[in-house]
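Please read these numbers as outputs of a predicted model, since none were measured by experiment. Sequence positions, counted from 1, serve as the residue numbers for this chain.
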Amino acid sequence: MKWLVGLWQWTNARLPVQRAWDTHMGKYYAPKNFNFWYFFGVLSLVVLVNQLLTGIWLTMSYEPTGDGAFGSVEYIMRDVDFGWILRYLHSTGASAFFLVVYLHMFRGLLYGSYKAPRELVWLFGMAIYLALMAEAFLGYVLPWGQMSYWGAQVIISLFGAIPYFGDAIVEWVRGDYLISGITLTRFFALHVVALPIVLLGLVVLHLLALHEVGSNNPDGVEIKKHKDANGIPLDGIPFHPYYTVHDLVPIVVFLFVFCFIVFFMPEMGGYFIEKANFEHSNPLKTPAHIAPVWYFTPYYSMLRAVPDKFMGFLVMAAAVAILFVLPWLDRSAVKSIRYKGWVSRVAIVVFAAAFIILGILGVKAPTPERTALARFCTVLYFAYFLLMPVWTVIERTKTEPARITMNGGMGFWRSLGVAALIAALVFIPLKAVGSESAHECGEIACDAVAIDHGDKASLQRGAQTFVNYCMGCHGAKFSRWERVADDLGIPHSLMLENLAPGADKIGNLMAISMPERAAKKWFGAPPPDLTLVTRARSPEWVYTYLRNFYADTARPLGVNNKVFKDVGMPHALLDLQGLQACAPGPSFTHSGGMRVDPLTSKPLNDAPCGSYSLVTKGKLTSGEFDVAMRDLVNFMSYLANPVAEQSREIGKGVLLFIALLFVFVWLLNREYWKDVH
């Protein structure tokens with residue numbers, strides 16, 4: 001013990017550790033009326049640490065080259081021990097980072113945390129936001145999937161709209177005349193080295209500036225104005241241990257939600273990891289709808305809302321830049337929304353709804369109605385800031401209290417009412433312009449299919465069908481025979497003998513069996529790899545596609561498909577299903593409902609290919625074929641995401657641990673705060 005004390009004294013005499021601790025933790029007095037909105041600052045630090053740690057481990061297996069990037073991500077997901085957890089923690093962390101930062105910024109708008117003397121705190125925070133946007137964009141490109149490539153193409157090309165220097169800037173950013181492997185390599189260097197250094201430096205400056213002037217609070221009053229004889233704020237408490245313990249509660253709640261997403265729904269329906277990013281980047285194949293990841297979509301909506309490319313770029317840039325001058329736009333005599341007038345309250349509700357609408361519109365395909373709504377919301381966005389100097393001067397405000405209040409402000413039910421109002425303002429306009437122009441499965445609605453990776457018998461039957469009927473042309477080059485055998489409970493000898501003939505090693509990748517030259521000769525292009533097709537599309541899409549081939553003499557191979565019109569693929573499952581021919585049948589609406597005669601209310605059978613008649617019988621009956629296709633799609637779904645079942649099992653244990661931890665931290669927090677009034 002004496003040795004440790006001596007080491008501490010020796011270190012503290014040469015490095016001001018104690019002084020730094022007292023300044024920023026032990027003797028830093030924060031207002032004791034922090035509420036829900038003050039959780040998101042510390043949560044952003046939690047996510048930052050997660051991104052740094054998981055990012056370091058991911059770089060150990062990632063290959064930043066045009067040929068190897070996509071494959072290395074799949075290698076991390078499949079062959080690196082628990083690499084899939086690292087990847088999901090990082091990808092989910094990116095979305096979580098922006099979510100907590102947006103809520104942190106919204107708290108600043110609510111309580112005037114940008115007003116004097118905290119202008120520099122706000123400016124450093126906005127610089128962090130800019131650095132975070134750049135960091136996220138660079139990281140978004142690294143998986144080198146379809147949406148990564150084409151998203152980079154769209155964003156980088158925007159700089160080409162700048163007069164005189166645009167083309168040179170675009171070429172400089174790409175490092176080439178086209179987006180290529182060298183672009184990916186320099187983006188990797190910036191993502192893992194340069195921008196993290198900048199981001200960490202800005203975070204330190206943000207915290208230093210905050211602790212120099214002191215934290216704001218929901219009332220917007222300065223606690224430094226009222227101190228006791230020892231110079232301690234009467235309405236303040238030491239950040240440690242009170243807030244270090246207090247913040248453990250929201251951290252544990254956040255971790256519960258965060259881990260639920262990581263282990264049970266990491267793609268979040270395509271919002272966190274887009275489906276198109278499960279396809280390797282292809283400069284010759286443009287996605288039907290190019291959109292950035294959700295946290296960029298409000299600005300992307302503004303860009304699309306302006307017809308002129310250069311003006312759209314200026315509007316998008318101005319939407320971010322105007323946030324930097326916010327401290328000088330607000331002329332109100334009070335800081336907090338609690339004491340501002342009704343105009344400010346209405347304005348911030350409308351602003352929040354407009355920003356959310358822009359974000360949702362950005363992930364949807366544009367239509368004239370959606371574009372009109374995006375333009376209207378863009379006007380509302382800028383009106384909030386540009387009109388702020390007017391209404392904040394003329395509106396009537398309440399008198400700020402001399403000291404902080406502990407009444408909780410609006411309270412739970414009124415806050416819930418405001419949230420419901422914002423939700424209604426978002427839902428109603430989107431509903432009015434929200435009609436889709438096509439089915440997910442082409443001409444028809446997708447059929448439901450039951451996916452169960454725990455059904456080993458189904459997976460084994462599906463694997464047999466996959467090898468016998470699919471791998472004559474297609475491969476599954478990101479998956480290994482050994483992994484499939486172990487997961488499906490198939491002995492290695494049986495796998496090599498019956499499912500992997502010609503594979504000299506069980507650890508080989510399930511590569512394509514058709515030579516590339518022959519594939520190009522017969523089909524014009526090599527058939528796509530099937531490892532990830534059910535993630536790039538969906539199990540329902542694949543299931544519906546496999547069951548909807550029909551005879552079409554106009555096509556070179558004699559068949560067509562309702563889901564993938566004019567497909568170049570032959571009907572590989574003809575032997576099992578037989579050949580179907582079109583027959584008149586019921587027609588459907590775009591929402592999937594059957595159209596009926598308005599007079600008789602009977603189904604309309606006016607679709608020229610609304611049903612099928614069987615021309616040639618196959619080995620299986622219609623019902624047996626549907627079961628076989630369910631097994632095949634079940635196996636292909638497993639092949640695309642072999643860790644899904646393991647993820648759910650681990651996730652249950654993790655969530656149980658976090659739930660038990662919550663009980664402990666809640667009791668600890670109650671003990672510390674029981675005497676704070």
Side-chain angles (χ1 to χ4, degrees), residues 39-40 42-62 72-103 132 135-136 139-140 142-143 145 147-148 191-192 247-278 293-295 363 451 453-454 478 487 532 534-536 538-539 637-638 640-662 665:
F39 294 151
F40 299 106
V42 70
L43 292 180
S44 63
L45 289 176
V46 171
V47 181
L48 176 61
V49 171
N50 171 76
Q51 295 303 93
L52 291 173
L53 294 178
T54 56
I56 290 171
W57 284 98
L58 288 173
T59 58
M60 296 179 186
S61 302
Y62 177 77
S72 69
V73 172
E74 287 306 311
Y75 173 76
I76 290 169
M77 292 290 293
R78 297 165 187 272
D79 295 332
V80 175
D81 288 341
F82 299 106
W84 58 273
I85 294 182
L86 293 173
R87 197 274 175 101
Y88 284 156
L89 286 172
H90 200 72
S91 61
T92 306
S95 289
F97 211 156
F98 274 92
L99 179 62
V100 297
V101 164
Y102 279 134
L103 292 171
L132 185 60
E135 176 77 347
Y140 179 68
L142 297 186
M147 201 58 72
S148 292
H191 180 74
V192 303
D247 287 342
L248 288 176
V249 176
I251 288 173
V252 171
V253 173
F254 169 80
L255 288 177
F256 187 91
V257 177
F258 182 77
C259 289
F260 179 84
I261 295 172
V262 166
F263 289 105
F264 293 92
M265 47 193 311
E267 300 162 33
M268 193 57 81
Y271 287 101
F272 286 7
I273 305 179
E274 293 96 333
K275 291 182 177 180
N277 248 14
F278 291 109
V293 73
W294 71 268
Y295 37 78
V363 300
I451 298 300
H453 294 176
F478 299 113
D487 288 350
L532 296 165
T534 57
R535 297 188 90 182
S538 72
S637 174
Y638 151 78
N641 188 15
V643 301
E645 193 72 17
Q646 181 186 11
S647 177
R648 286 190 284 268
E649 290 303 313
I650 294 176
K652 293 174 184 176
V654 171
L655 294 184
L656 178 61
F657 170 78
I658 295 175
L660 295 175
L661 181 62
F662 173 80
V665 298

Minimum heavy-atom separation for [X] and [Y], please, with both atom names.
{"X": "Pro143", "Y": "Val73", "answer": "CA-CG2, 4.1 Å"}
{"X": "Gln51", "Y": "Ala94", "answer": "NE2-N, 3.4 Å"}
{"X": "Ile451", "Y": "Ser637", "answer": "CG2-OG, 3.6 Å"}
{"X": "Ala640", "Y": "Arg78", "answer": "O-NH2, 3.2 Å"}
{"X": "Glu645", "Y": "Gly454", "answer": "OE1-N, 3.8 Å"}
{"X": "Val47", "Y": "Gly93", "answer": "CG1-O, 3.3 Å"}

Q. For Arg535, does its backbone N or O pair with a side-chain atom of Asn641 as donor and acceptor, under 3.5 Å?
A. no
Would you mind reporting whether [Y] and [X] have side-chain heavy atoms less than 4.5 Å apart?
{"X": "Phe263", "Y": "Lys652", "answer": "no"}
{"X": "Val192", "Y": "Tyr62", "answer": "no"}
{"X": "Val253", "Y": "Phe39", "answer": "no"}
{"X": "Glu267", "Y": "Phe278", "answer": "yes"}
{"X": "Leu655", "Y": "Cys259", "answer": "yes"}

Using 0.5 Å steps for rounding, measure from the [atom1] atom of [X] to the [atom2] atom of [Y].
{"X": "Ile76", "Y": "Glu74", "atom1": "CD1", "atom2": "CD", "answer": "9.5 Å"}
{"X": "Asp247", "Y": "Leu43", "atom1": "CG", "atom2": "CG", "answer": "8.0 Å"}
{"X": "Thr534", "Y": "Lys275", "atom1": "OG1", "atom2": "NZ", "answer": "10.0 Å"}
{"X": "Phe254", "Y": "Ile658", "atom1": "CZ", "atom2": "CD1", "answer": "10.5 Å"}
{"X": "Ile650", "Y": "Phe264", "atom1": "CD1", "atom2": "CZ", "answer": "10.5 Å"}
{"X": "Thr59", "Y": "Trp57", "atom1": "OG1", "atom2": "CH2", "answer": "9.5 Å"}

Q: Let me see the working for Val249 and Phe662 under side-chain contact (heavy atoms from CB on, under 4.5 Å), right down to the final yes or no.
A: CA-CA 7 Å; Val249 176; Phe662 173 80; 3.8 Å; yes
Q. Which pairs with one or both residues in residues 90-101 pass side chain to side chain donor-acceptor pair (under 3.5 Å), sequence neighbours excluded?
A.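 Every pair satisfying side chain to side chain donor-acceptor pair (under 3.5 Å) with a residue in residues 90-101: Thr54-His90, Ser95-Trp294.
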(Q) Restricting to ring-ring contact (aromatic ring centres under 6.0 Å, His included), what partner residues turn up for Tyr140, sequence neighbours left out? (A)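 If we apply the ring-ring contact (aromatic ring centres under 6.0 Å, His included) test to Tyr140, skipping adjacent residues, there are no hits.
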Q.
I'd like to check the ring-ring contact (aromatic ring centres under 6.0 Å, His included) partners of Phe82; sequence neighbours left out, ordered by chain and number.
A. none
Q: Report the C-alpha separation of Ile251 and Val42 in whole Å, then their side-chain angles, then the decisive distance to 0.1 Å, and conclude whether the side-chain contact (heavy atoms from CB on, under 4.5 Å) test is met.
A: CA-CA 8 Å; Ile251 288 173; Val42 70; 4.2 Å; yes
Q: Please work out which of the three classes, parallel, tilted or perpendicular, describes the rings of Phe98 and Tyr295, given edges at 30° and 60°.
A: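 Ring orientation, 0 to 90° scale: parallel.
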Q. Would Tyr88 and Ile273 count as a side-chain contact (heavy atoms from CB on, under 4.5 Å) if you check the C-alpha gap in whole Å, the side-chain angles of each, and the deciding distance to 0.1 Å?
A. CA-CA 9 Å; Tyr88 284 156; Ile273 305 179; 4.3 Å; yes
Q. Taking everything shown except Phe657 itself, do over 12 heavy atoms lie less than 6.0 Å from its CZ?
A.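 For Phe657, atom CZ is not crowded (no more than 12 foreign heavy atoms under 6.0 Å).
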